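Just the heavy atoms: all of them, side chains too, but no hydrogens, waters or symmetry mates, feed the values below. Please read these numbers as outputs of a predicted model, since none were measured by experiment. Sequence positions, counted from 1, serve as the residue numbers for this chain.
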Amino acid sequence: MKSPISICLFFFAVHLCLGQNIDSLRSLLVGADTDHERVTQCIELGRKFNKLGDKDSAKKYFIHANKFIGPIEDPLLQYKTKAYLGKFYFDSFEFGKADSMYALLLETVELNDSLRVLLTFARAQTFTKRAQWDTLKPLLEEIEEDVFNLAIPSFHVEYHNQMSFYYQGENDILSRLDELQKAKEALTPEMELTTLAINHNLTNIYSKIQAYEAALKLYKENLKMAEKANSTQDIMYSYYGIANQYNDLEKNDSAKEACWKAIKLYNETGYSQSFGFVYKTLADIFIKEGQLDSAIYYVDKGIAMSKKQQEEDLLSDNYWTKAKILLVQGDTAAAKPYLELASDFEYGVLPELDLNLARIYASEGKYEEASNILKKTWDQIKENEDRNTIYQVTGKLLKSKYEEDQKLQQLLSDQKARAQKLNFGLLAIFLLLFISSYIIFIQIQHRRRLKDLNIKLVQKNEELYQFTYICSHDLKEPIRNVSTFTGLIEYKLAKEELSRPYDEYFHHIHSGIDTLTTIISSLKAYTEIEGKQEGTFEEEHVSLGEIMEEVKSNIDEFLADNGGKLSLAEGSEPDERFVVSRNGLVLILENLVHNGIKYNDSDTPEVILGLSWERGRPIVSVEDNGVGIEEKYLDYIFRPFKTMSNKSQSNSSGLGLAICKKIMDVLGGQIKVQSKPGKGTRFELVF
């Protein structure tokens with residue numbers, strides 16, 4: 001990211017001898033009579049070698065300049081000498097040395113307010129790279145008054161931008177968004193590269209609220225601007241973002257293509273800042289594709305590069321990815337040190353990482369360590385749940401509200417434009433009367449449309465409130481269970497009663513975690529479907545036989561664990577084809593089959609699928625031999641978060657049937673149910 005620092009840091013430097021080649025500069029250095037001349041020539045030689053990519057020679061001359069500068073009482077030359085060396089260390093990923101050089105310059109040289117602010121921003125960048133969030137905010141607050149007293153827009157932008165990094169480290173999404181909005185307001189038209197940086201940071205927030213398509217669109221726009229500006233750094237960061245969004249959207253081929261482009265740019269330019277992210281992304285993709293050898297190859301490269309460049313946040317991500325690979329391979333012992341390293345570096349909350357580490361400690365009899373990890377994790381979750389765990393839901397609903405606002409604005413804009421055009425026809429009385437009548441008609445129509453849109457906005461706001469309340473209520477229950485049983489473990493450990501009952505407590509902890517995971521996953525699926533409109537599911541010709549096999553494959557382990565059976569009804573042709581959304585039907589059947597087997601006390605739980613036709617419309621039936629549902633609950637079961645049993649006991653999200661109904665609504669169909677207690681349940685999907 002090119003910040004105002006990289007543009008302004010050497011604004012006051014005097015660039016001498018730009019037309020001279022390296023040999024002539026060396027000659028001038030040999031013939032220099034004063035230390036002032038020697039420093040000037042060393043700086044210029046360092047700059048030229050740095051531009052040519054000869055880092056060793058550049059470093060040598062920058063260090064020589066600092067040796068000669070000692071006795072010279074020239075604040076501007078002192079500034080140039082130490083600032084160039086500090087910037088060289090920063091670009092070489094030696095962030096500690098860069099910070100030391102900037103700090104020394106601030107302590108030993110009397111500088112004006114502008115230069116002091118610039119150097120403090122430079123120090124702040126080194127803190128960000130080393131994830132030193134506790135020291136970043138106090139450093140920025142030291143210069144806050146000077147920043148806003150100086151009438152320099154780029155300083156205001158950089159201050160808010162740096163504060164946004166602090167809140168990123170604190171995992172405070174809302175405060176970070178507020179700082180970035182302030183930075184965007186302070187931007188001026190000529191600050192194109194800084195605009196790219198702010199946009200890049202905003203896309204991180206889009207990712208947090210799972211608005212992946214919006215983030216992807218903004219990254220692609222950034223890429224075009226970066227290519228136009230020929231900014232290697234911004235082109236690279238655009239590739240990072242595009243790869244990340246495609247990865248989150250499960251578009252593996254597109255994500256890999258963006259990674260290959262980033263690697264090609266790295267090979268051509270040598271630019272590698274934050275490049276460990278590319279290797280980590282490739283490793284994640286290969287894990288999903290089951291190519292673990294390739295995943296290990298790339299994550300090892302990511303670890304090596306992040307270590308070399310001292311980028312601790314990326315190093316933590318790569319350690320965690322390496323641990324995931326080893327856990328998939330079943331090598332718990334090898335995964336343990338990587339989990340510990342990732343946990344040491346991590347900022348924010350990674351429950352899956354901590355859970356795996358706690359399980360390993362528990363299996364080794366280290367119950368106190370396991371308990372401490374779980375307590376820390378869930379304390380963090382409880383502290384942040386209101387602003388983080390609900391964000392994926394509120395993000396979807398806020399997006400819908402934004403779209404409705406845009407429609408309102410468009411209607412008002414259209415109405416204003418029409419009114420302006422009508423003024424050109426006021427020369428004749430007949431035309432005036434006609435136009436007046438037309439205006440009245442248009443206004444009546446627009447009022448009706450505006451009224452309808454206002455009603456929809458009210459409904460969206462109410463829906464936003466309901467979702468936020470329900471999510472907050474249901475997500476707290478499993479967290480409270482985890483906290484309670486963790487307390488029991490601590491109490492037992494205090495009494496030194498290390499015995500078998502601990503397994504039962506950990507079982508309850510894992511059950512609570514699984515429930516929370518199920519709820520969050522179901523919320524994600526539900527809100528994604530909520531955002532779709534009728535006709536947006538892609539339809540194709542399918543047969544019930546192939547759909548059944550796909551469902552079997554997806555839940556094969558669940559069927560085997562529960563002794564469940566899935567089959568076709570007699571008389572149903574497995575190869576008979578009909579038009580429907582394959583993905584939508586598979587998701588519905590997975591939920592219905594799962595419920596039919598799960599809520600079943602027969603010796604052989606069974607679900608039977610059937611296909612029939614009514615007036616040319618296909619009807620897919622799903623019938624089980626389970627416990628059945630009382631008639632008074634038949635409408636109740638399709639409501640979000642409603643279940644017939646305790647969520648903590650059943651590990652149910654309460655969204656399965658709500659998801660089924662929502663998909664059928666989007667497909668323009670119906671879902672019907674018939675059931676009697678003890679007699680099983682029959683669902684009919686009418687397309």
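Leu611 CG to Phe578 CZ: the interatomic distance, rounded to the nearest 0.5 Å, is 5.5 Å. Of the inter-residue distances, the one linking Ile671 atom CD1 with Cys660 atom SG reads 5.0 Å to the nearest 0.5 angstrom. Atom OH of Tyr246 and atom NZ of Lys256 lie 14.5 Å apart (nearest 0.5 Å). For the atom pair CD1 (Ile296) and CZ (Phe286), the distance works out to 12.5 Å, reported to the nearest 0.5 Å. With rounding to the nearest 0.5 Å, the separation of OG in Ser294 from CD1 in Ile285 is 11.5 Å. Expressed to the nearest 0.5 Å, how far CD of Gln674 lies from CD of Glu623 amounts to 9.0 Å.
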Only distances under 3.5 Å count here; give the side-chain donor-acceptor pairs of residues 588-596 to other protein atoms, sequence neighbours excluded, each with its distance to 0.1 Å.
from	atom 1	to	atom 2	distance (Å)
Glu590	OE2	Asn554	ND2	2.5
Asn591	ND2	Leu587	O	3.0

Under 3.5 Å, sequence neighbours excluded: what are the donor-acceptor pairs made by side chains of residues 321-328?
from	atom 1	to	atom 2	distance (Å)
Thr321	OG1	Asp317	O	2.9
Lys322	NZ	Asp300	OD1	2.8
Lys322	NZ	Tyr338	OH	3.4

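Side-chain contact between Val620 and Glu684: absent, with no pair of heavy atoms (C-beta onward) separated by less than 4.5 Å. Looking only at side-chain heavy atoms (C-beta outward), Pro605 and Asn562 stay at 4.5 Å or farther from each other. Side-chain contact between Arg682 and Val673 is absent, with no heavy atoms from C-beta onward closer than 4.5 Å. Counting heavy atoms from C-beta on, the side chains of Ser621 and Phe683 never come closer than 4.5 Å. Trp320 places a side-chain heavy atom less than 4.5 Å from the side chain of Leu339. Contact of the Leu544 side chain with the Leu568 side chain is registered, since non-hydrogen atoms from C-beta on lie closer than 4.5 Å. A 4.5 Å side-chain heavy-atom check between Asn252 and Glu289 finds at least one atom pair inside the cut-off. Residues Val627 and Thr681 form no side-chain contact, since every pair of their non-hydrogen atoms from C-beta on lies 4.5 Å or further apart.
The residue from Leu566, Ile555, Val607 that alone fulfils the side chain to side chain contact (heavy atoms under 4.5 Å, CB included) condition with Ile597 is Val607.
Evaluation of the side-chain hydrogen bond (donor to acceptor under 3.5 Å, both in side chains) test over residues 327-337, restricted to residues two or more places apart or in two chains, returns Lys336-Glu364.
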### Task
Output, in order, the C-alpha distance, side-chain angles, deciding distance and verdict of side chain to side chain contact (heavy atoms under 4.5 Å, CB included) for Gln245 and Tyr219.
CA-CA 9 Å; Gln245 302 317 306; Tyr219 271 123; 3.7 Å; yes
#### Entry: side chain to side chain donor-acceptor pair (under 3.5 Å) between Asp624 and Asn600, intermediate numbers included
CA-CA 8 Å; Asp624 64 59; Asn600 197 314; 5.1 Å; no
### Worked verdict on Tyr298 versus Lys280 for side chain to side chain contact (heavy atoms under 4.5 Å, CB included)
CA-CA 7 Å; Tyr298 283 108; Lys280 180 258 182 189; over 6 Å; no
### Task
Step by step, work out the side chain to side chain contact (heavy atoms under 4.5 Å, CB included) result for Val580 and Glu539.
CA-CA 5 Å; Val580 73; Glu539 296 184 339; 5.8 Å; no
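Salt bridge status for Asp665 with Lys661: present, with a side-chain N to carboxylate O gap under 4.0 Å. Contact check on Glu546 versus Arg582 returns a salt bridge, with a Lys/Arg side-chain nitrogen under 4.0 Å from an Asp/Glu carboxylate oxygen. Salt bridge annotation for Glu250-Lys288: present, with a cationic side-chain nitrogen under 4.0 angstrom from a carboxylate oxygen.
Contact between Asn625 and Glu606 at its shortest, heavy atoms only, is OD1-N, 2.9 Å. The minimum heavy-atom distance linking Ala243 with Ala255 is given by the pair O-CB, 3.6 Å. Taking all atoms of both residues into account, the shortest heavy-atom contact from Arg577 to Ser543 is NH1-CB, 4.0 Å. Listed here is the closest heavy atom pair of Ile242 and Ala258: CG2-CB, 3.9 Å. Closest heavy-atom contact between Ala342 and Tyr319: CB-CB, 3.9 Å. Nearest heavy-atom pair across Ser572 and Gly610 is OG-CA, 3.4 Å.
Heavy-atom contacts from other residues, nucleotides or ligands closer than 6.0 Å to CD of Glu540 number more than 12. The number of heavy-atom neighbours closer than 6.0 Å to CG of Asp561, taken from other residues, nucleotides and ligands shown, is above 12.
With hydrogens and angles ignored, the 3.5 Å screen pairs no side-chain donor or acceptor of Lys552 with any backbone N or O of Leu559. A donor-acceptor distance shorter than 3.5 angstrom exists from the side chain of Ser675 to the backbone of Gly680, with no hydrogens or angles considered. Between the side chain of Ser363 and the backbone N or O of Ile360, at least one donor-acceptor pair lies under 3.5 Å.
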